[in-house]
Amino acid sequence: MYLCYIDESGTSQIPGTSSHYILAGLTIPIEKWKQFENDICAIKKKYDLMDSEIHTAWILRSYIEQSKIQDFEKMDYTTRKFEVTRIRNSKILKLQQIGKSDVLKQTKKNYRQTDKYIHLLKDERKKFVFEIAEQIGKWNDAKLFADCIDKTYYNPQKSGKTTDEEAFEQVVSRFEQFLNAVSNKEKREVYGLIIHDNNETVAKEHTNLMKAFHEKGTLWTRIKRIIETPLFVNSELTSMVQVADVCAYSLRRYVENNESDLFNQIYKRADRNKVSVVGVRHYADNKCLCEICQNHRKNKI
């Protein structure tokens, strides 16, 4: 059996706040789950992040408070946390006194989302995320499925699907085709389960979509090997969903900004048919020269 952990990066709304919407699924054989979980925990422990969720976009932000603390880089982790928290608490009190409720609400959210990482310098946080991506690249038994939609070229009226629906159908179809290929190769019945970060709106939508796929199939394939509807879990408690977050973020930074450090690591795991990449698609201008698009053009030759 295979587990496919799914997460997203960017906004699915058009135009939204990002030019791309990414849905990524990292698939692992169930017997490798504990080994891979231990690999991630070892890296987290190294950076004192054992009880912390990997939320890549928040990890890699700049924390202005750190630049205000003299000799911050020379402090131990405990002192760093204390000093940053002290400055942040002071900022919250000032905002409460002047009554800027909108700014206060956003500031509290920013602090809450980054609180677990404030003991690490930005370079240390970058190194942490890179080591996670590097570890993913070493998992030869893992397969990456993803759809990267450039929303400036995607027409939901023409396709009859939202960007989220299109991406989910693509990932589900590729996962199903992978399971079929493994079953044929190993001459045994192989099944899979989708595990998704819990979001009330997405949970309802993807559950309904999966029910429809089981009944009618997708545009590309019948669904015979993916069991049930997606299992929705709290990503804060599930390291492998957090790993899917790293994959989705890495893909988005590549297609939007041509940042390749993380991409080059996780793309090693993209599902391949012999030498051609079939697991990851970039829905974009047909003149796009990114590595993903060039690989897809090879598939059509």
Side-chain angles (χ1 to χ4, degrees), residues 2-12 16 18-28 36 54 56-57 129 132-133 135-137 139 141-151 153-154 161-179 181 192-197 199 202 206 209-210 213 218-221 226 230 235 240-273 276-284 288 290-299:
Y2 284 80
L3 306 176
C4 183
Y5 294 89
I6 288 183
D7 205 356
E8 61 188 5
S9 184
T11 56
S12 59
S18 63
S19 66
H20 281 71
Y21 173 70
I22 314 296
L23 190 68
L26 189 71
T27 295
I28 66 171
F36 292 169
I54 303 171
T56 318
V129 174
I132 295 293
Q135 185 63 63
I136 296 168
W139 289 342
D141 294 316
K143 300 295 179 184
L144 176 66
F145 305 98
D147 205 38
C148 311
I149 298 179
D150 186 337
K151 294 182 291 183
Y153 291 97
Y154 185 73
K161 305 169 190 172
T162 65
T163 53
D164 179 49
E165 290 169 341
E166 173 72 19
F168 187 61
E169 184 174 29
Q170 288 285 332
V171 171
V172 167
S173 298
R174 291 189 173 97
F175 184 33
E176 174 73 21
Q177 290 164 345
F178 164 75
L179 294 171
L193 176 68
I194 291 173
I195 302 174
H196 205 307
D197 181 22
N199 175 295
V202 173
H206 285 191
L209 281 171
M210 199 67 212
F213 294 158
T218 69
L219 179 64
W220 312 101
T221 184
I226 301 175
S235 61
M240 297 310 298
V241 172
Q242 297 170 31
V243 167
D245 173 87
V246 175
C247 293
Y249 177 90
S250 302
L251 287 164
R252 186 164 71 89
R253 297 301 295 186
Y254 175 70
V255 295
E256 288 189 347
N257 303 89
N258 200 32
E259 295 176 12
S260 59
D261 285 355
L262 299 176
F263 171 81
N264 288 340
Q265 299 302 317
I266 64 104
Y267 195 60
K268 296 174 184 177
R269 299 279 59 82
D271 189 36
R272 286 168 166 78
N273 180 3
S276 300
V277 174
V278 296
V280 179
R281 179 186 76 156
H282 184 201
Y283 188 105
C288 178
C290 78
E291 186 173 346
I292 301 170
C293 288
Q294 291 188 62
N295 276 314
H296 266 274
R297 292 192 190 105
K298 290 178 183 178
N299 294 336

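Shown are T163, I22, L23; of these, the side chain to side chain contact (heavy atoms under 4.5 Å, CB included) with I149 is made only by T163. Among H282, K151, R252, the one residue that satisfies the side chain to side chain donor-acceptor pair (under 3.5 Å) test with H20 is H282. Just one of T27, I28, V243 meets the side chain to side chain contact (heavy atoms under 4.5 Å, CB included) condition when paired with Y5; it is I28. Partner of S173 under the side chain to side chain donor-acceptor pair (under 3.5 Å) criterion, out of T218, D147, T221: T218 alone.
A distance of 11.5 Å separates CZ of R253 from CG of N258, quoted to the nearest 0.5 Å. Between atom CD of residue Q177 and atom CG of residue N273 there is a gap of 10.5 Å, rounded to the nearest 0.5 Å. Between I266 atom CD1 and W139 atom CH2 the span is 12.0 Å, to the nearest 0.5 Å. Of the inter-residue distances, the one linking I195 atom CD1 with C4 atom SG reads 8.5 Å to the nearest 0.5 angstrom. Interatomic distance, OG of S235 versus NE2 of H196, reported as 11.0 Å (0.5 Å rounding). Put simply, CZ on R281 and CG on L251 are 13.5 Å apart, with the number rounded to the nearest 0.5 Å.
When all heavy atoms are compared, the tightest approach of C148 to I292 is SG-CD1, 4.4 Å. What you find for G192 and L179 is that their closest heavy atoms are N-CD1, 3.6 Å. Residue I6 comes nearest to A244 through the heavy atom pair C-CB, 4.1 Å, listed as atom of the first residue, atom of the second, then distance. Nearest heavy atoms, V172 versus I226: O-CD1, 3.6 Å.
Using a 4.5 Å heavy-atom threshold, the side chains of Y153 and C288 count as separate. The shortest side-chain heavy-atom distance between I132 and Q135 does not fall under the 4.5 Å cut-off. The shortest distance between side-chain heavy atoms of Q170 and Y283 does not fall below 4.5 Å.
Between the side chain of R174 and the backbone N or O of V278 there is at least one donor-acceptor pair closer than 3.5 Å. Remark: the backbone N or O of I136 is not paired with any side-chain donor or acceptor of Q265 at under 3.5 angstrom. Side chain of Y254 to main chain of E291: a donor-acceptor pair is present (N/O by atom type, distance under 3.5 Å, no hydrogens or angles).
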Point to revise | Verdict with supporting geometry, V129 and L262, side-chain contact (heavy atoms from CB on, under 4.5 Å) | key: CA-CA 8 Å; V129 174; L262 299 176; 3.9 Å; yes

Check your understanding: Given E169 and L209, is the side-chain contact (heavy atoms from CB on, under 4.5 Å) satisfied, shown in steps?
Key -> CA-CA 8 Å; E169 184 174 29; L209 281 171; over 6 Å; no

Review point. Yes or no on side-chain contact (heavy atoms from CB on, under 4.5 Å) for Y267 and V277, after CA distance, side-chain angles and deciding distance?
Key: CA-CA 9 Å; Y267 195 60; V277 174; 3.5 Å; yes

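Using bins of under 30°, 30° to 60° and over 60° for the plane-to-plane angle, the ring pair F178/Y2 lands in the perpendicular bin.
Ring pair Y21/Y154: centre-to-centre distance not below 6.0 Å.
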